[in-house]
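What follows is one structure encoded as C-alpha coordinates, with my remarks underneath.
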Amino acid sequence: MANAIELFKQYIPMLDEVYKMASLTSKLDGNPELVQQGANANELIIPMIEMDGLADYERNGGYVSGNVTLTNQTKKCNFDRGRKFTVDALDNIESAMLAFGRLASEFIRTKVVPELDAFRLSTYASTAGVSTGNGTITTGKQAVEALRAGLKKMDNDEVPYEDRHLYATPTIIGLIKDMDTTASKEVMEEFSSVTKIPSSRLVTKIKQLNGKTTGEEKGGYKKADDAQDIDFQIIHRPALVQFGKRNVNKIFTPEQNQDSDGWIMVYRDVNIAEVYKNKLAGIYVHTPTAITPAEDQGE
(Lines give C-alpha, C1' and ligand atoms only; values in the text may rest on other atoms or scores of the structure.)
Protein backbone atom coordinates (compact mmCIF):
# COMPACT_ATOMS: atom_id res chain seq x y z
CA MET A 1 0.00 0.00 0.00
CA ALA A 2 2.74 2.45 0.97
CA ASN A 3 4.73 1.64 -2.17
CA ALA A 4 1.65 2.19 -4.34
CA ILE A 5 1.04 5.64 -2.86
CA GLU A 6 4.69 6.66 -3.22
CA LEU A 7 4.78 5.55 -6.84
CA PHE A 8 1.56 7.39 -7.55
CA LYS A 9 2.95 10.61 -6.09
CA GLN A 10 5.82 10.45 -8.58
CA TYR A 11 3.32 10.84 -11.41
CA ILE A 12 1.64 13.99 -10.10
CA PRO A 13 4.31 16.47 -11.37
CA MET A 14 4.21 14.68 -14.73
CA LEU A 15 0.44 15.17 -14.97
CA ASP A 16 0.84 18.88 -14.26
CA GLU A 17 3.43 19.08 -17.04
CA VAL A 18 0.98 17.45 -19.43
CA TYR A 19 -1.47 20.23 -18.59
CA LYS A 20 1.13 22.95 -19.12
CA MET A 21 2.15 21.53 -22.49
CA ALA A 22 -1.35 20.89 -23.83
CA SER A 23 -3.36 23.81 -22.45
CA LEU A 24 -3.57 26.91 -24.62
CA THR A 25 -4.75 29.11 -21.74
CA SER A 26 -2.28 28.06 -19.04
CA LYS A 27 -0.12 31.10 -19.89
CA LEU A 28 -2.94 33.23 -18.46
CA ASP A 29 -2.75 31.61 -15.02
CA GLY A 30 -2.28 34.08 -12.18
CA ASN A 31 0.70 34.04 -9.84
CA PRO A 32 0.04 31.10 -7.48
CA GLU A 33 1.86 32.95 -4.70
CA LEU A 34 -0.98 35.49 -4.60
CA VAL A 35 -3.64 32.99 -3.56
CA GLN A 36 -4.25 30.80 -0.55
CA GLN A 37 -6.25 27.63 -0.14
CA GLY A 38 -9.76 28.24 1.15
CA ALA A 39 -11.44 26.37 3.96
CA ASN A 40 -13.31 24.22 1.45
CA ALA A 41 -12.03 22.21 -1.50
CA ASN A 42 -13.64 24.54 -4.05
CA GLU A 43 -12.51 27.85 -2.53
CA LEU A 44 -9.54 30.16 -3.00
CA ILE A 45 -8.58 33.26 -1.02
CA ILE A 46 -7.54 36.07 -3.36
CA PRO A 47 -6.17 39.49 -2.31
CA MET A 48 -8.20 42.51 -3.45
CA ILE A 49 -7.10 46.15 -3.22
CA GLU A 50 -9.10 49.38 -3.46
CA MET A 51 -7.75 52.93 -3.10
CA ASP A 52 -8.82 56.53 -3.49
CA GLY A 53 -7.48 58.76 -6.26
CA LEU A 54 -5.56 62.03 -6.13
CA ALA A 55 -6.91 65.03 -4.23
CA ASP A 56 -5.93 68.72 -4.08
CA TYR A 57 -2.87 69.68 -2.07
CA GLU A 58 -3.37 72.82 0.01
CA ARG A 59 -0.55 75.05 1.22
CA ASN A 60 -2.04 75.32 4.72
CA GLY A 61 -3.98 72.11 5.03
CA GLY A 62 -1.47 69.85 3.31
CA TYR A 63 -2.54 66.46 2.06
CA VAL A 64 -6.07 65.14 1.97
CA SER A 65 -6.31 61.73 3.61
CA GLY A 66 -7.23 58.82 1.40
CA ASN A 67 -8.22 55.24 2.05
CA VAL A 68 -6.52 52.05 0.98
CA THR A 69 -8.35 48.80 1.58
CA LEU A 70 -6.56 45.48 1.19
CA THR A 71 -8.77 42.48 1.81
CA ASN A 72 -8.52 38.75 1.28
CA GLN A 73 -11.68 37.68 -0.48
CA THR A 74 -12.87 34.09 -0.52
CA LYS A 75 -13.92 33.08 -4.00
CA LYS A 76 -15.75 29.91 -4.96
CA CYS A 77 -14.31 28.12 -7.96
CA ASN A 78 -16.69 27.98 -10.91
CA PHE A 79 -15.10 24.95 -12.58
CA ASP A 80 -15.34 21.73 -10.57
CA ARG A 81 -15.23 18.56 -12.66
CA GLY A 82 -13.97 15.04 -12.16
CA ARG A 83 -13.97 11.40 -13.26
CA LYS A 84 -13.26 7.96 -11.81
CA PHE A 85 -11.59 5.21 -13.81
CA THR A 86 -10.96 1.57 -13.00
CA VAL A 87 -7.91 -0.27 -14.34
CA ASP A 88 -7.93 -4.06 -14.05
CA ALA A 89 -5.51 -5.48 -11.49
CA LEU A 90 -2.08 -6.12 -13.00
CA ASP A 91 0.82 -8.30 -11.93
CA ASN A 92 2.66 -5.61 -10.00
CA ILE A 93 2.41 -2.05 -8.76
CA GLU A 94 4.83 -0.66 -11.35
CA SER A 95 2.75 -1.84 -14.30
CA ALA A 96 -0.42 -0.47 -12.68
CA MET A 97 1.23 2.92 -12.28
CA LEU A 98 2.42 2.85 -15.89
CA ALA A 99 -1.12 2.09 -17.07
CA PHE A 100 -2.48 4.95 -14.97
CA GLY A 101 0.19 7.34 -16.20
CA ARG A 102 -0.78 6.66 -19.80
CA LEU A 103 -4.49 6.83 -19.06
CA ALA A 104 -4.24 10.06 -17.07
CA SER A 105 -1.99 11.78 -19.60
CA GLU A 106 -4.31 10.99 -22.48
CA PHE A 107 -7.36 11.97 -20.41
CA ILE A 108 -5.88 15.37 -19.53
CA ARG A 109 -4.66 16.04 -23.05
CA THR A 110 -7.82 15.06 -24.94
CA LYS A 111 -10.61 15.68 -22.42
CA VAL A 112 -9.64 17.98 -19.55
CA VAL A 113 -7.59 20.62 -21.36
CA PRO A 114 -9.98 21.31 -24.29
CA GLU A 115 -12.91 21.74 -21.91
CA LEU A 116 -10.96 23.94 -19.51
CA ASP A 117 -9.73 26.16 -22.37
CA ALA A 118 -13.26 26.46 -23.78
CA PHE A 119 -14.73 27.15 -20.34
CA ARG A 120 -12.25 29.92 -19.58
CA LEU A 121 -12.49 31.71 -22.91
CA SER A 122 -16.29 31.46 -23.07
CA THR A 123 -16.56 32.75 -19.49
CA TYR A 124 -14.45 35.81 -20.29
CA ALA A 125 -16.25 36.45 -23.58
CA SER A 126 -19.72 36.29 -22.01
CA THR A 127 -18.92 38.47 -18.99
CA ALA A 128 -21.20 41.49 -18.92
CA GLY A 129 -19.39 44.73 -19.71
CA VAL A 130 -16.39 43.47 -21.68
CA SER A 131 -15.57 45.19 -24.96
CA THR A 132 -16.95 43.67 -28.14
CA GLY A 133 -16.87 44.10 -31.89
CA ASN A 134 -18.60 42.25 -34.68
CA GLY A 135 -18.67 41.87 -38.44
CA THR A 136 -17.92 39.37 -41.17
CA ILE A 137 -14.23 38.65 -41.76
CA THR A 138 -13.38 37.00 -45.07
CA THR A 139 -10.11 38.71 -46.01
CA GLY A 140 -6.80 39.42 -44.36
CA LYS A 141 -7.42 43.15 -44.64
CA GLN A 142 -10.70 42.82 -42.75
CA ALA A 143 -8.96 40.72 -40.09
CA VAL A 144 -6.22 43.32 -39.59
CA GLU A 145 -8.79 46.14 -39.44
CA ALA A 146 -10.80 44.21 -36.83
CA LEU A 147 -7.69 43.63 -34.71
CA ARG A 148 -6.74 47.30 -35.02
CA ALA A 149 -10.21 48.28 -33.83
CA GLY A 150 -9.84 46.03 -30.79
CA LEU A 151 -6.41 47.39 -29.95
CA LYS A 152 -7.61 50.98 -30.40
CA LYS A 153 -10.51 50.31 -28.04
CA MET A 154 -8.09 49.03 -25.40
CA ASP A 155 -5.74 51.95 -25.97
CA ASN A 156 -8.52 54.47 -25.43
CA ASP A 157 -9.65 52.60 -22.32
CA GLU A 158 -6.07 52.92 -21.01
CA VAL A 159 -5.43 49.18 -20.85
CA PRO A 160 -1.64 48.73 -20.48
CA TYR A 161 0.12 47.82 -23.72
CA GLU A 162 2.10 44.96 -22.26
CA ASP A 163 0.70 41.50 -21.46
CA ARG A 164 -2.00 41.55 -24.14
CA HIS A 165 -2.62 38.09 -25.59
CA LEU A 166 -4.44 37.22 -28.81
CA TYR A 167 -6.52 34.06 -29.20
CA ALA A 168 -7.83 33.57 -32.73
CA THR A 169 -9.22 30.81 -34.92
CA PRO A 170 -6.96 29.14 -37.51
CA THR A 171 -8.99 30.91 -40.20
CA ILE A 172 -8.26 34.39 -38.83
CA ILE A 173 -4.58 33.63 -38.25
CA GLY A 174 -4.30 32.17 -41.74
CA LEU A 175 -5.89 35.18 -43.41
CA ILE A 176 -3.44 37.54 -41.68
CA LYS A 177 -0.36 35.42 -42.37
CA ASP A 178 -1.28 34.98 -46.02
CA MET A 179 -1.18 38.76 -46.45
CA ASP A 180 2.55 38.75 -45.62
CA THR A 181 2.61 42.55 -45.53
CA THR A 182 4.12 45.12 -43.22
CA ALA A 183 0.66 45.92 -41.86
CA SER A 184 -0.13 42.29 -41.06
CA LYS A 185 3.21 41.74 -39.35
CA GLU A 186 2.99 44.95 -37.34
CA VAL A 187 -0.45 44.17 -35.94
CA MET A 188 0.71 40.74 -34.76
CA GLU A 189 3.70 42.32 -33.03
CA GLU A 190 1.31 44.31 -30.84
CA PHE A 191 0.63 41.19 -28.75
CA SER A 192 2.72 39.49 -26.09
CA SER A 193 1.61 36.18 -27.58
CA VAL A 194 -0.51 34.98 -30.50
CA THR A 195 -2.30 31.67 -30.04
CA LYS A 196 -4.07 29.78 -32.77
CA ILE A 197 -6.89 27.92 -31.06
CA PRO A 198 -9.42 25.42 -32.47
CA SER A 199 -12.80 27.00 -33.17
CA SER A 200 -14.45 24.38 -30.91
CA ARG A 201 -12.72 26.03 -27.93
CA LEU A 202 -13.51 29.59 -29.02
CA VAL A 203 -17.24 30.14 -28.49
CA THR A 204 -19.26 32.47 -26.29
CA LYS A 205 -20.89 29.69 -24.25
CA ILE A 206 -20.49 25.95 -23.65
CA LYS A 207 -22.67 23.24 -22.17
CA GLN A 208 -20.88 20.91 -19.76
CA LEU A 209 -22.31 17.38 -19.91
CA ASN A 210 -22.93 15.81 -16.50
CA GLY A 211 -21.93 12.25 -17.39
CA LYS A 212 -25.08 10.75 -15.89
CA THR A 213 -28.27 11.63 -17.73
CA THR A 214 -29.30 10.05 -21.04
CA GLY A 215 -27.25 11.46 -23.88
CA GLU A 216 -24.61 12.91 -21.56
CA GLU A 217 -23.00 9.68 -20.32
CA LYS A 218 -19.66 10.35 -21.99
CA GLY A 219 -19.33 13.71 -20.26
CA GLY A 220 -17.20 16.48 -21.69
CA TYR A 221 -18.67 19.61 -23.25
CA LYS A 222 -20.22 20.98 -26.41
CA LYS A 223 -21.07 24.37 -27.87
CA ALA A 224 -24.26 25.67 -26.24
CA ASP A 225 -27.31 26.01 -28.43
CA ASP A 226 -27.44 29.77 -27.89
CA ALA A 227 -23.68 30.31 -28.28
CA GLN A 228 -21.89 32.24 -31.00
CA ASP A 229 -18.57 31.51 -32.65
CA ILE A 230 -15.72 33.86 -31.76
CA ASP A 231 -13.32 35.15 -34.42
CA PHE A 232 -10.71 36.32 -31.94
CA GLN A 233 -10.33 37.43 -28.36
CA ILE A 234 -7.77 39.90 -26.94
CA ILE A 235 -7.01 39.34 -23.28
CA HIS A 236 -5.01 41.52 -20.92
CA ARG A 237 -3.79 38.91 -18.47
CA PRO A 238 -4.00 41.06 -15.28
CA ALA A 239 -7.74 41.45 -15.97
CA LEU A 240 -8.29 37.79 -15.13
CA VAL A 241 -8.94 35.87 -11.95
CA GLN A 242 -7.56 32.57 -13.24
CA PHE A 243 -6.18 30.03 -10.81
CA GLY A 244 -6.28 26.27 -10.58
CA LYS A 245 -6.67 23.83 -7.68
CA ARG A 246 -5.94 20.48 -9.30
CA ASN A 247 -5.27 18.99 -5.92
CA VAL A 248 -7.39 15.83 -5.82
CA ASN A 249 -5.71 12.87 -7.51
CA LYS A 250 -6.29 9.60 -5.68
CA ILE A 251 -5.54 5.94 -6.16
CA PHE A 252 -7.17 2.94 -4.51
CA THR A 253 -5.68 -0.55 -4.62
CA PRO A 254 -7.65 -3.64 -5.70
CA GLU A 255 -7.84 -4.61 -2.02
CA GLN A 256 -9.63 -1.34 -1.24
CA ASN A 257 -11.93 -1.65 -4.25
CA GLN A 258 -15.19 -3.23 -3.07
CA ASP A 259 -16.73 -3.48 -6.54
CA SER A 260 -14.12 -5.18 -8.72
CA ASP A 261 -10.56 -6.49 -8.87
CA GLY A 262 -9.01 -3.33 -10.21
CA TRP A 263 -7.14 -0.16 -9.39
CA ILE A 264 -9.37 2.91 -9.04
CA MET A 265 -7.97 6.18 -10.34
CA VAL A 266 -9.78 9.39 -9.35
CA TYR A 267 -9.15 12.77 -10.98
CA ARG A 268 -10.71 16.09 -9.96
CA ASP A 269 -10.03 19.49 -11.51
CA VAL A 270 -11.06 22.62 -9.61
CA ASN A 271 -10.48 26.06 -11.17
CA ILE A 272 -11.69 29.62 -11.10
CA ALA A 273 -12.04 31.80 -14.20
CA GLU A 274 -13.46 35.31 -13.87
CA VAL A 275 -12.82 38.90 -14.93
CA TYR A 276 -12.20 41.63 -12.36
CA LYS A 277 -15.12 44.05 -12.45
CA ASN A 278 -12.78 47.06 -12.58
CA LYS A 279 -10.80 45.56 -15.49
CA LEU A 280 -13.53 44.65 -17.95
CA ALA A 281 -11.82 46.78 -20.59
CA GLY A 282 -9.02 44.20 -20.56
CA ILE A 283 -11.17 41.80 -22.60
CA TYR A 284 -12.10 42.38 -26.25
CA VAL A 285 -14.19 39.85 -28.17
CA HIS A 286 -14.94 39.86 -31.90
CA THR A 287 -17.80 37.78 -33.29
CA PRO A 288 -19.50 37.61 -36.71
CA THR A 289 -22.69 39.07 -35.20
CA ALA A 290 -23.34 41.12 -32.07
CA ILE A 291 -23.19 39.27 -28.74
CA THR A 292 -26.37 39.15 -26.69
CA PRO A 293 -25.72 41.02 -23.42
CA ALA A 294 -24.99 38.64 -20.53
CA GLU A 295 -25.98 38.86 -16.90
CA ASP A 296 -23.53 40.67 -14.62
CA GLN A 297 -20.75 38.45 -13.30
CA GLY A 298 -17.11 38.60 -12.25
CA GLU A 299 -15.35 40.56 -9.55
Side-chain angles (χ1 to χ4, degrees), residues 23-35 46-54 66 68-70 73 75 78 117 119-135 137 142-169 172-173 176 183-197 201-204 228 230-243 272-288 290-299:
S23 174
L24 298 177
T25 57
S26 62
K27 72 182 73 175
L28 303 176
D29 285 350
N31 186 348
E33 297 177 357
L34 295 178
V35 298
I46 301 173
M48 302 284 185
I49 187 170
E50 293 185 5
M51 64 184 71
D52 294 338
L54 289 171
V68 176
T69 304
L70 179 61
Q73 183 174 345
K75 301 282 294 180
N78 52 1
D117 282 348
F119 173 80
R120 287 170 168 171
L121 294 174
S122 64
T123 298
Y124 306 146
S126 60
T127 299
V130 301
S131 300
T132 62
N134 65 86
I137 298 177
Q142 290 174 335
V144 169
E145 290 175 347
L147 285 176
R148 286 291 184 197
L151 289 168
K152 182 179 180 181
K153 173 62 175 169
M154 284 191 166
D155 291 347
N156 288 331
D157 289 337
E158 300 188 30
V159 176
Y161 299 124
E162 67 276 3
D163 223 355
R164 296 182 185 179
H165 301 266
L166 173 65
Y167 285 84
T169 64
I172 298 298
I173 297 295
I176 296 174
S184 63
K185 293 176 182 178
E186 286 182 347
V187 73
M188 297 301 247
E189 291 173 354
E190 295 275 359
F191 304 102
S192 296
S193 73
V194 175
T195 303
K196 179 168 59 177
I197 188 165
R201 303 188 199 182
L202 201 55
V203 295
T204 58
Q228 295 187 52
I230 295 174
D231 296 315
F232 65 83
Q233 192 167 356
I234 305 174
I235 297 175
H236 184 235
R237 191 171 70 89
L240 304 181
V241 182
Q242 179 173 304
F243 297 97
I272 185 170
E274 291 185 1
V275 183
Y276 286 105
K277 282 187 176 180
N278 62 341
K279 296 182 179 180
L280 295 174
I283 306 295
Y284 184 90
V285 186
H286 190 281
T287 53
I291 298 176
T292 302
E295 294 181 359
D296 188 24
Q297 56 183 317
E299 292 296 336

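Rounding to the nearest 0.5 Å gives a distance of 4.5 Å between CZ of Arg237 and CG of Asp163. Note that the NE2 atom of His236 and the NE2 atom of His165 stand 8.0 Å from one another [nearest 0.5 Å]. Note that CD1 of Ile272 is 5.5 Å distant from NZ of Lys75, once rounded to the nearest 0.5 Å. In this structure, Thr169 OG1 and Ile197 CD1 are separated by 10.0 Å, a value rounded to the nearest 0.5 Å. Of the inter-residue distances, the one linking Ser193 atom OG with Leu24 atom CG reads 10.5 Å to the nearest 0.5 angstrom. The structure places NZ of Lys196 at 12.5 Å from CD1 of Ile172, a figure rounded to the nearest 0.5 Å.
Residues Ile173 and Met188 are in side-chain contact: their nearest non-hydrogen atoms beyond the backbone lie under 4.5 Å apart. Counting only heavy atoms from C-beta outward, the side chains of Val285 and Ile283 approach each other to under 4.5 Å. Within the 4.5 Å cutoff, side-chain heavy atoms of Val187 are placed close to those of Leu151. For the pair Ile230 and Thr204, the minimum side-chain heavy-atom distance is below 4.5 Å. In this structure, Thr123 and Glu274 have side chains that are not in contact, with every pair of non-hydrogen atoms separated by 4.5 Å or more. Asn78 places a side-chain heavy atom less than 4.5 Å from the side chain of Phe119. Annotation: side chain of Ile291 is not in contact with side chain of Asn134 (no heavy-atom distance under 4.5 Å).
For the 3.5 Å distance criterion, the side chains of Thr195 and Lys27 qualify, holding a donor opposite an acceptor. Side chain to side chain, Asp117 and Thr25 meet the donor-acceptor criterion of an N or O pair below 3.5 Å.
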>> With side-chain contact (heavy atoms from CB on, under 4.5 Å) as the criterion, how do Asp157 and Leu280 come out once you've worked through the C-alpha distance, each side chain's angles and the decisive distance to 0.1 Å?
In response: CA-CA 10 Å; Asp157 289 337; Leu280 295 174; over 6 Å; no

>> Run Tyr167 and Leu28 through side-chain contact (heavy atoms from CB on, under 4.5 Å) and show every step you take.
In response: CA-CA 11 Å; Tyr167 285 84; Leu28 303 176; 3.6 Å; yes

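With hydrogens and angles ignored, the 3.5 Å screen pairs no side-chain donor or acceptor of Ser131 with any backbone N or O of Tyr284. Remark: the backbone N or O of Ser122 is not paired with any side-chain donor or acceptor of Arg201 at under 3.5 angstrom. Between the side chain of Thr127 and the main chain of Val130, no donor-acceptor pair closer than 3.5 Å is present. A donor-acceptor contact shorter than 3.5 Å is absent between the side chain of Arg120 and the backbone of Gln242. Put simply, the side chain of Glu190 never gets that close to the backbone of Leu147: no donor and acceptor are under 3.5 Å apart.
Residues Leu240 and Tyr276 approach most closely at O-CE1, 3.4 Å, considering heavy atoms. Among all heavy-atom pairs drawn from Arg164 and Ile234, the shortest one is CB-CG2, 4.5 Å. Heavy-atom minimum distance, Tyr124 versus Ala273: OH-CB, 3.5 Å. Arg148 and Ala183 get closest at one heavy-atom pair: NH2-O, 4.2 Å.
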